[in-house]
Structures are given as C-alpha cells and as structure tokens.
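Have a look at the structure below, then the notes.
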Amino acid sequence: MKWINTASVERVRQEFKDRVKFIETQHTRGFETDYNTLRKLLTYLRDKERFLHFVDLTCIDFPEHPKRFQGVYILYNPEENERVIVKCWAENGKLPTIEDLWPGAKWAEREAYDMFGVLFQGHDNLRRMFMWEGYEHFPLRKDFPLQGIPEVELPSLTEVMHGRTDPPSHDFELVHTKLPTLEDLERTEKARLKKKAELVLNWGPLHPGTHGTIWFLFDLEGEKVVQSDVILGQLHRGMEKLAENLHYFQFIPYTDRMDYISAICNELAYVEAVERLLGVEVPEKARYIRTMFAELQRINSHLLWLGTGALDLGALTVFLYAFREREKIMDIIEGNAGYRLTSCFLRIGGVHYDLAEGTLDVVKHFIKDFPQRLKEYHTLLTRNRIWLRRTKDVGIITRDDVHKYGLSGPVARGSGVPYDLRKLQPYAAYDEVDFDIPVGEVGDVYDRYLVRMEEMAQSVRIIEQCVEKLEKLPKDAPYLNKEHPAVIPPKEDVFHDLESMVKSFRVVVHGESAPPGEVYFSGENPRGELGFYIYSKGGGNPYRLRIRSGALYNLSIFPKLIQGRTIADAIALLGSLDPVVGETDR
C-alpha cells in the first residue's frame, strides 16, 4: 500500500508551515507535530486530504527523552488507497483526545492509558482497558519488568494448613504479582457503566454465547438495552511486552496464540512485516504455499464462525456440518506443520517445511468437494424464516461507521466498503491470483453472513490457482530464502553443513540484526486487519512492537449497535462481529 503522496505532503506543509515536520523512512511517510497542533493536523488530514479511515493509535516509551511518551497515529485514505503516520510527543504525560474525530480511537486511547499511563485530555471516560481499576502500574513502560512486580505473598496450600516448613513444601516463589480481588472487579464494573435504567445484567465472561472470555454489561429497561459496555482483559497476556524481549523469529509462536482460529494468517501478517524491515525476499514456492494455507485457514475460521453463530441462534445441524469440513482442513495443516491449531508453520524468509507428500492431492479433493457442502449450508440457513427474522435489519453498520471506528474484514465489507488488504496491499501471492471481493448492501447481521459465505467460495478459487501453480513448480524449488543472513537455515542443512550450523547458531543466539527504522504492515485476516507496527533501534529485538487487532476495533462498535435492541439481538450481533478474545486482549 502506498503512503501519503507528495502533493498532499506539500499542501499540509503550506497549511501548517513550521508547526508540522515531514518524516519519511524506508517504509513509512507522515508528519510529526506538537500537542497544540495535533488535533488541527488530524482534522485537516480527515476533512481536506480524505484520510477518513482510522487505522490505529498507540504510544512508544522513550524514558531517556524529556517528554518520554510519543503518540503514533495511523490513518487511511480509501479514495487514494494511501496511509499516513502522525507522531506527537506528550506534554507532561498528556495527549489530546481524538475520540470525537474517530470514535474508534476511544478504545485505543484507553489502551494507551492503561498500558503507558498517558492521559488523553477531553476523553469522556478514561478507564482501564485490560487491567482492573486501582492497579497502579503501567505494563508497557520500559521500567516495568517483564515478569511483573512481585509484591503480594501467596503461600502454598500446605503452608496455609500446617505453617511454614523446613525445607519448604513448595518449589516456587512465595511473592507474586498482584491479582484482582472481588472488590477490584466490583470497582471496575462500576467505573465502566453508571446505571441509568432498571437492571444491570452481566453477560460473561464465561458464557458460551460470548465466544470467549469477554465480560459484557447491559443496563436494561425490560429487555431493551439502554446502554452497554465491554470489560476486556480476562485473557490478557502482554504479548507486545514479550515481543520487545524476544528475537524476531522467537515471536512467531506467540502470534498463533492470538487469533488461535487463524494461526497461519497471524503468522503471515507478522513475518511479512518483519521481512519488509529486514529486506528479505521470499521464494515463489513459499509465497504460493503461504497463500494456499492462509485461504484454507480462512475457510477454517469462517466455518467455526458459521457453526457457532448458527448454534447461538438454535441451528444445531449447521454446527455439526461445519465441523465435518473443519476436520479435513485441520488434517491438511497437521500433515504439513505437525500441529493442528497453533501450527508455527511459517518462517521469516519462507515456510518451515516443504509440502508433505500428497498434500496437493488432498487439497484438490477438498476444494472439489467443498462447494457442494457450501450449498448445504445455504439450504439450511439462507432462506430459513427463523434465521432471517434473527439477522435481517439487526446491527446495521453504515459506511461512515466503518471509517470512524476503523472496522475491517467482513464487518466492513458487509456494509459495502471493499476494504480487503489482499487487493489493496497485495502480499504473498495475492497479486498473482484472481478473486472477487464480496460486499453487502444493508450492513446488517444477514449481510455479514452472506459476505463470509461468499468469501469461502472465493477462497476455493484462490486455492485452486495456488494448487495449479505449485504443481507446475519443480519439486526441488526453494521454499526458504537460505541466502539472507537473517534467515535461519532448515534443520536438515544445520545437521549436515557446518556453515549452516554456524549461521543458525548466530541468529538463534544474537537475533536477526535488524536495521533502525519503522514499518507498519497488516494482513487480511478472517477477523479483519491484523497489523504489526515495528519500531526498531537496530539489533535482534524490536524496541516497540504494536499489534493492531481487527477484532478489537470491530468489537468497539458493539455498545453503539446494541443500544435500543434486545438481549436476544446481542447474541446475533456479537456472533456477526466474530471476535476472538486471544486477539482482542493479546
């Protein structure tokens, strides 16, 4: 994807003179400005230069800098297919809010406050996003230790029953990081929602209809929702903090555990970002293998969404049918990666293994059979009267909502916005295969259902072309760029070649030696735009790695959509947004 064009840059310079500084790196273009000019610059970019779509907001901690925290904003121009990055130093730990410019920034600002302690002036309810109210630390600050701050003594059960023993009755440290108490959780709940109506209903965090450990609050007038809020953090694992303390290749398995339904798609977005930073070219065979498996993973993910979403509304048969096809895809992934769920199949520079013997035959059999199965799902649901009553005109998202909330994936395309990064920013082999982007008209739950159904059919088209290409390539075509100094050689080379063994040792011990700079790259995941912003100071670890979650931003519009609807609609609406909590919480 292109970054802001030169003509736009010149217009911004003319408008703001010396209050705005143009910044350009090898992979990004944008501006740096001060606290007082930030909102004016962002408003100008939105209204005059048509950067309508909010992509992301995060912060970077520079403890040695007098102002310490730098805000990083990424916007998208849908008319020119361009991005722009805007940076601003905080003043006394404060930045101005932009939630009135882009409502999607509300959750991003809360996350930055939660993780860094940056205050956003004018924010209407600046509360913790993942941690509980009253927690006094900010985990993504550089002075917060990776293992947390041990400050609470948690004795073993034996010690509680019988007192201290010598030698100790345990093999772990007695002092641990803080955990929330029931009082902390009650304080968090009250801070998120001020009661207006008759009854506050808690939904989750362990209800099967929430599709994960999410905690919803509904303020009800009868069965109508007057207001709602979402409490995240039940699954928070600090992956961005972990990434800053790992070499680039070491973080690949962690990406599997975010959107654990779409592990290969997560890996693909991450390794593509790192490869751009390191300047790694990927062999043709690896690009097609990546594309084929990413589309198999997309079908796999949409089948889980279809089965569980239908089950939520009472359609048991679809759930059983969908899992029948999922098993076939999982077998294909397991046969090549060795793992069914968290596959860790991709590598920086290619893929971990060449295709297993017989893989293409099995894939061809699957894509020949799957269109008929897709017809069965349509027969069961698409004209079903109950399904139509539960999904038509429920949770309507407008095109304006898509841009203001930073929505992406099928959620955006269901509202008629053809925002698909496989077309707008082709990666892997997507620019060499032919497929269509399905879009909706109304933007309701039913449109989002139809879009995902058609996306599965388009995935079959892509896989067919990948199989055809892979069959034509020589069997010994490279699947990994072994020549690049940052790429770890495959095991068979390490075991039989001294030079490969030395190279593997160097990369594993010292890391990839990335150049200073920054890069933002995002992939088209089943749940939308999964982006990785990497700020590098050089060396084998990223100084800052930001994970832009498509599921998080898609979920952020839920409180608006459910207002005035019933609790029954909440089930259908949440299923149509299809969040995975491992990615929202990260």
Side-chain angles (χ1 to χ4, degrees), residues 104 203-204 207-212 214 216 218 225 228 230 259 261-262 298-315 318-319 322 374 377-378 380-399 401-402 405-417 419-420 437-456 524-529 549-581 583-584:
W203 181 33
H207 191 284
T210 62
H211 294 247
I214 320 178
F216 291 87
F218 297 114
V225 178
S228 172
V230 187
D259 179 357
I261 314 302
S262 307
R298 191 180 313 279
I299 296 173
N300 191 15
S301 175
H302 284 353
L303 286 174
L304 182 71
W305 154 80
L306 177 65
T308 55
L311 187 63
D312 286 343
L313 303 187
V318 183
F319 177 81
L374 202 54
Y377 311 149
H378 276 294
L380 288 165
L381 288 181
T382 304
R383 295 289 175 246
N384 183 297
R385 286 177 295 171
I386 299 173
W387 183 257
L388 292 170
R389 289 288 297 274
R390 294 297 304 274
T391 59
K392 293 282 282 185
D393 298 323
V394 175
I396 295 175
I397 297 172
T398 66
R399 295 174 69 95
D401 288 334
V402 169
Y405 282 85
L407 309 182
S408 57
V411 175
R413 294 190 287 274
S415 298
V417 179
Y419 188 65
D420 191 319
I437 304 174
V439 294
E441 296 177 354
V442 179
D444 56 7
V445 171
Y446 188 68
D447 270 3
R448 293 190 280 278
Y449 156 75
L450 291 178
V451 163
R452 288 188 177 97
M453 294 291 279
E454 180 57 27
E455 280 191 4
M456 287 192 276
E524 185 58 47
N525 271 30
R527 256 145 292 282
E529 179 176 358
S549 166
L552 176 78
Y553 284 112
N554 289 349
L555 184 61
S556 71
I557 199 172
F558 180 89
K560 175 189 175 184
L561 297 179
I562 198 58
Q563 194 169 348
R565 308 291 308 192
T566 65
I567 287 294
D569 288 337
I571 308 291
L573 173 57
L574 182 65
S576 78
L577 298 177
D578 192 26
V580 167
V581 189
E583 185 187 299
T584 61

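Heavy-atom basis, side chains included; hydrogens, waters and symmetry copies ignored.
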By salt bridge (charged side-chain N to carboxylate O under 4.0 Å, His left out) - contacts of K392 (at least two apart): none

Side-chain ion pair, E524 and R413, N-O less than 4.0 Å: yes

Backbone N or O of V442 within a donor-acceptor pair of the D447 side chain at under 3.5 Å? yes

Does S301 use its side chain to pair, donor to acceptor, with the backbone of R298 at less than 3.5 Å? no

Here the pair of heavy atoms bringing F218 nearest to A570 is CZ-CB, 4.0 Å

Identified side-chain contact (heavy atoms from CB on, under 4.5 Å) partner of P579 from the options N554, V411, I214: I214

Taking every non-hydrogen atom, the tightest pair across V451 and G414: CG2-CA, 3.8 Å

With distance as the sole test, does N525 use its side chain to make a donor-acceptor pair with the main-chain N or O of R527 at under 3.5 Å? no

Describe, in one word, how the ring planes of H378 and Y449 are oriented to each other, choosing from parallel (under 30°), tilted (30 to 60°) and perpendicular (over 60°). perpendicular

Closest heavy-atom pair and its distance - L555, V230: CD2-CG1, 4.3 Å

Spacing of R448 atom CZ and I397 atom CD1 [to the nearest 0.5 Å]: 4.0 Å

Can you tell me if E529 and Y553 form a side-chain donor-acceptor pair at under 3.5 Å? no

For the atom pair OG1 (T398) and CG (L407), what is the distance rounded to the nearest 0.5 Å? 9.0 Å

Measuring from N300:CG to M456:CE, what's the distance to the nearest 0.5 Å? 11.0 Å

Output for pair (I557 CD1, I562 CD1), nearest 0.5 Å, gives 12.0 Å

Would you confirm whether D312, through its side chain, and A572, through its main-chain N or O, come within 3.5 Å as a donor-acceptor pair? no

Note: L381 and A310 closest approach over all heavy atoms is CD1-CB, 4.2 Å

Any donor-acceptor pair under 3.5 Å from W305 side chain to S576 backbone: no

Is a salt bridge present between K560 and D401, judged by a nitrogen-to-oxygen distance below 4.0 Å? yes

To the nearest 0.5 Å, atom CG of N384 lies from atom CG of L313 at 10.0 Å

Using the rule given for side chain to side chain contact (heavy atoms under 4.5 Å, CB included), can you reason through W203 versus I571, listing the C-alpha separation, both sets of side-chain angles and the distance that settles it, and then say yes or no? CA-CA 10 Å; W203 181 33; I571 308 291; 3.3 Å; yes

Return the CG to CG distance between L574 and L561, rounded to the nearest 0.5 Å. 11.0 Å

Can you see which heavy atom on T382 is nearest to which on Y446, and at what distance? O-OH, 2.8 Å

Minimum heavy-atom separation for E454 to P438, with atom names? CG-CB, 3.5 Å

